[in-house]
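What's counted below: heavy atoms across the whole structure, side chains too, no hydrogens, waters or symmetry copies. From a predicted model like this one, the values you see are computed outputs, not experimental measurements. Chain identifiers are assigned alphabetically (A, B, ...) following the order of the sequence lines, protein sequences preceding nucleic acid strands; residue numbering begins at 1 within each chain.
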There are 2 protein chains.
Amino acid sequence: MRDVNPEHLYADVFARNCTSRGILEGVAGKWGVLALAALNDGAYRFNALRRRVDGVSEKMLAQTLQGLERDGLVRRDVQTTIPPHVEYSLTPFGTAVAGKLVELVELIQSEVDQRS
Amino acid sequence: MRDVNPEHLYADVFARNCTSRGILEGVAGKWGVLALAALNDGAYRFNALRRRVDGVSEKMLAQTLQGLERDGLVRRDVQTTIPPHVEYSLTPFGTAVAGKLVELVELIQSEVDQRS
DNA sequence: GTTGGCGCTTTCGAAAAGTTAGTACAGTCT
DNA sequence: AGACTGTACTAACTTTTCGAAAGCGCCAAC
């Protein structure tokens, strides 16, 4: 927390106990950044998202989405059908964050393209 | 790799074996994002950076900086003095990436501030 | 003498990630 | 009929990584 005004604590990712640190860890985690970047293209069902993000296991994807939902970046819409139908999409906050992540991704891809 | 043109493979973070995936993992890792965001304010010596990023161990910081240097985001300047003097700073690529990360960080901090 | 600074590296146990199998239902194919 | 596919997870076990602490050598300050 950036403690400039003694009566109001501001979020500060550099402080280990700050809520924003936890959110940043989920967003900027190995699978979080890719899931959010994929969802930036539109809503996905679980297995479609898993196929999009090469290398992620069901376990890690489920865990990642759970955290992103808890932190308010992702919405999980469940339809009681057989087979199950669960759809993930970005919240307004998630959309803003994903926009930044996509810029970052494009920057890195660009750099790698230039090095080839 | 986004294989649009058969003769030229484009970087693709969604492909597990792509170089850009590895770089993204370092940049968007738990400690990578914070180290880069701190270095965006200017060069740091090792222990100064460690004090800036609350919660990181010497081990994890050293490991993180090593990876960022290998991927071309960070420069490590060593002066042969006693005590040792090692300074870390951003490369042009690192500066561009850190700029994006800082935007992301500010977005998240903003969101947390609004939720308080 | 002790303590502190510098920037790492090493060791070992704890925690997290990864791998694999499992769940129940319905549809398709042989 | 059985086998396989799809759905979206969870549980159990294994492997990898992280965190905590100690270590290194040199010099300066107390």
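- At C:dG7, none of the side-chain N or O atoms of B:Y44 fall inside 4.0 Å of OP1 or OP2 (strictly under the cut-off).
- Rounded to the nearest 0.5 Å, atoms CD1 (A:I108) and SG (B:C18) are 10.5 Å apart.
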Item checked: Protein-to-nucleotide contact annotation, 5' to 3' order, nucleotides 25-30 of chain D [B base; S sugar-phosphate only; - none; under 4.0 Å, heavy atom] -> BBS---
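- Rounded to an integer number of Å, the gap from B:H85 NE2 to C:dC8 C1' is 15 Å.
- Regarding contacts with the backbone of C:dG18, a side-chain N or O of A:W31 is found under 4.0 angstrom from either OP1 or OP2.
- Between A:Q63 atom CD and C:dT19 atom P there is a gap of 14 Å when expressed in whole angstrom units.
- Between the P atom of D:dC18 and the NZ atom of A:K30 lies a distance of 10 Å, rounded to the nearest Å.
- Ranking C:dC8, C:dG7, C:dA17 by closeness to the B:N47 side chain, first place goes to C:dG7.
- Mapping B:A62 and A:E58 onto DNA chain C via the closest heavy atom, the residue that lands nearer the 5' end is B:A62.
- Following rounding to the nearest Å, B:Q66 (CD) and C:dT10 (P) show an atom-to-atom distance of 11 Å.
- Here the P atom of nucleotide C:dT20 and the CG atom of A:L61 are 18 Å apart, to the nearest Å.
- With A:L104 as reference, B:V97 is the one residue of B:V13, B:V33, B:V97 to meet the side-chain contact (heavy atoms from CB on, under 4.5 Å) rule.
- Here C:dG7 presents its P atom at 10 Å from CD of B:E87, a figure rounded to the nearest Å.
- In this structure, B:Y88 atom OH and C:dG7 atom C1' are separated by 7 Å, rounded to whole Å.
- Between B:R45 and C:dG7 there is a side-chain N or O to OP1 or OP2 distance below 4.0 Å.
- Minimum interatomic distance between A:T95 and A:L90 (heavy atoms only, all atoms of both residues): OG1-CB, 3.5 Å.
- Closest to the side chain of A:M60, from the set C:dA17, C:dG7, C:dT9, is C:dA17.
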Item checked: Step-by-step side-chain contact (heavy atoms from CB on, under 4.5 Å) determination, A:D77 to A:S89 -> CA-CA 8 Å; A:D77 296 312; A:S89 57; 4.1 Å; yes
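- Close to D:dG19, at under 4.0 Å from its OP1 or OP2, lies no side-chain N or O of A:R16.
- With rounding to the nearest 0.5 Å, the separation of CZ in A:R75 from CD in A:E87 is 9.0 Å.
- Contact annotation for B:R50: no contact, since no heavy-atom pair falls under 4.0 Å across all strands.
- When rounded to the nearest whole Å, the span between CZ of B:R76 and P of C:dG7 equals 10 Å.
- The residue B:K59 sits close to a base: some heavy atom pair falls under 4.0 Å.
- Residue A:L65 holds its CG atom at 12.0 Å from CZ of A:R50, rounded to the nearest 0.5 Å.
- Put simply, the residue from B:Q114, B:Q109, B:R115 that forms a side-chain hydrogen bond (donor to acceptor under 3.5 Å, both in side chains) with B:E111 is B:R115.
- Each of B:L73, B:T64, B:V102 was evaluated against B:L36; a single residue qualifies, B:L73, per the side-chain contact (heavy atoms from CB on, under 4.5 Å) test.
- Residue B:S57 is classed as having no contact, given no heavy-atom separation below 4.0 Å to the nucleic acid.
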